[in-house]
Amino acid sequence: MVVVMLTFFRSDLVPAYVRLLRDNEAEVRIAAAGKVTKFCRILDPELAVQQILPFVKELSTDSSQHVRSALASVIMGMAPDATIEQLLPIFLSLLKDEFPDVRLNIISKLDQVEQFLVIYLVQGIGIDLLSQSLLPAIVELAEDRHWRVRLAIIEYIPLLASQLGVGFFDDKIGSLCMQWLNDKKAKKKKKKNLMLLLFVYSIRDAAANNVKRLAEEFVPDWAMQHIVPQVLEMINNPHYLYRMTILHAISLLAPVMGSEITCSKLLPVVITASKDRQILLAMTLNFSLCLI
């Protein structure tokens, strides 16, 4: 019975589905691309890799951004059938796509990539893939021109850190987390359009929460060495909005770091900042706006 079913899939359903993947109408390709994972699950893995994966590669460079976006939202579902080496080129192509929605869809699946990379790391064959391919793409996206992409990457970093460990984080990702607290791209956009102030805050708020989550993941002793000194140093930034972001980060770190570190290291900085007239004025305006 199994042999009969496989023969049927190979001779009828697979060619029909491939025709949909290569249809002249973008709307048809969008629908077919969005179902590629579900379709492959009913196939023998070898058949999926041989007959479907080549056309999935074509879709990753499709002329329609909506086709690429649909593919990006499901591509990692093929991982049980295809190896990470087979999927990674497609994944990286979508991760560097010119349209932000495509990049966002693939970023939302980064946790699936890490699950398979961790397995490869245990086997000793995944570290090169991560160092040479995925990590540089993540670093590049950390400075993406679209705030939503930067925000998605920031929110993903704690997961990456938890799966790869403190050593890898120290070497590769640590500086990015400090950089996001002073998001320069957000500042440039704010000058052009004051309506983007909310987006600026979203990036810096996520960066502050990112610091807290890392302190929770790697325990206070590690945070005291690698996070707290750099955060406290930023309180001297000449721009008051940056100083407010650092105060926000300190308020999130305090419960994680414990009373001793909070009283000896964090509280004196907060007390000094309480005399900052620009910060007090901004906080008063924010409070007034909330009341309105």
Side-chain angles (χ1 to χ4, degrees), residues 5-117 119-120 126 129-130 132-142 144-146 148-153 156 160:
M5 289 296 293
L6 286 177
T7 302
F8 174 68
F9 280 130
R10 186 177 291 110
S11 62
D12 293 294
L13 284 187
V14 171
Y17 183 67
V18 167
R19 285 195 295 271
L20 294 174
L21 291 174
R22 306 190 75 185
D23 196 272
N24 291 332
E25 297 295 334
E27 289 79 4
V28 177
R29 299 197 303 277
I30 291 169
K35 297 295 189 294
V36 68
T37 294
K38 291 183 177 180
F39 186 81
C40 288
R41 284 176 183 167
I42 65 176
L43 299 178
D44 177 77
E46 184 178 351
L47 182 63
V49 170
Q50 292 178 353
Q51 301 293 324
I52 303 299
L53 190 60
F55 300 104
V56 170
K57 290 180 180 179
E58 287 185 10
L59 291 181
S60 69
T61 57
D62 193 275
S63 59
S64 169
Q65 70 187 79
H66 303 294
V67 173
R68 301 195 303 274
S69 182
L71 179 64
S73 65
V74 300
I75 181 63
M76 284 314 300
M78 291 189 68
D81 299 325
T83 65
I84 197 68
E85 290 97 335
Q86 292 170 319
L87 288 177
L88 196 58
I90 302 173
F91 182 87
L92 291 173
S93 174
L94 296 170
L95 199 61
K96 298 178 181 180
D97 196 275
E98 61 179 314
F99 288 95
D101 286 345
V102 179
R103 300 196 298 275
L104 282 169
N105 280 351
I106 204 70
I107 289 170
S108 70
K109 304 301 178 183
L110 280 172
D111 59 330
Q112 296 180 22
V113 179
E114 291 308 319
Q115 290 171 12
F116 287 96
L117 279 175
I119 296 174
Y120 276 66
L129 283 175
L130 185 65
Q132 298 172 15
S133 301
L134 181 58
L135 188 63
I138 291 173
V139 172
E140 184 177 340
L141 289 172
D144 195 273
R145 64 185 182 278
H146 291 276
R148 290 186 300 155
V149 174
R150 297 200 306 281
L151 181 61
I153 284 291
Y156 163 71
L160 177 68

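Computed from heavy atoms alone, side chains included, the values below leave out hydrogens, waters and symmetry copies. Worth saying up front: this structure is predicted, and the values here are computed from it rather than measured.
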- [ ] Quick one: closest heavy-atom pair of Thr37 and Val74, and the distance?
- [x] OG1-O, 2.6 Å
Open item on the list: Please report the interatomic distance CD(Glu98) to CD(Gln65), rounded to the nearest 0.5 Å.
Closed with: 8.0 Å
Open item on the list: I need the minimum non-hydrogen distance between Leu21 and Ala33, along with the two atoms involved.
Closed with: CD2-N, 4.0 Å
Task: Arg68/Asp101 salt bridge by N-O under 4.0 Å criterion - done: no
- [ ] Kindly compute the distance separating OH (Tyr156) from CG (Leu141), expressed to the nearest 0.5 Å.
- [x] 11.0 Å
Open item on the list: Please find the pair of heavy atoms, one from Gln86 and one from Pro89, that lie closest to each other, and give the distance.
Closed with: O-CD, 3.6 Å
Open item on the list: For the CD1 atom of Ile30 and the CG atom of Asp23, what is their distance to the nearest 0.5 Å?
Closed with: 11.0 Å
Task: Sole residue of Val14, Val18, Asp44 in side-chain contact (heavy atoms from CB on, under 4.5 Å) with Gln51 - done: Val14
Open item on the list: With rounding to the nearest 0.5 angstrom, report the CZ to CZ distance, Arg150 to Arg145.
Closed with: 11.0 Å
Task: Any side-chain heavy-atom pair of Asp144 and Ile153 under 4.5 Å - done: no
- [ ] Might you point out which heavy atoms bring Tyr17 and Lys35 nearest each other, and give the distance in Å?
- [x] OH-C, 3.4 Å
Task: Distance (rounded to the nearest 0.5 Å) between Leu92 CG and Leu87 CG - done: 10.5 Å
Open item on the list: Is any side-chain heavy atom of Ile75 closer than 4.5 Å to one of Asn105?
Closed with: no
Open item on the list: Do Ile106 and Val102 make a side-chain contact, defined as non-hydrogen atoms from C-beta onward lying under 4.5 Å apart?
Closed with: no
Open item on the list: I need the minimum non-hydrogen distance between Leu104 and Ala152, along with the two atoms involved.
Closed with: CD2-CB, 3.8 Å
Open item on the list: With a 4.5 Å cut-off on side-chain heavy atoms, are Leu53 and Met78 touching?
Closed with: yes
Task: Atom pair CG (Leu13) and CD1 (Ile42), whose distance is rounded to the nearest 0.5 Å - done: 6.5 Å
Open item on the list: If we ignore hydrogens and angles and just use 3.5 Å, is the side chain of Ser60 paired with the main-chain N or O of Ile90 as donor and acceptor?
Closed with: no
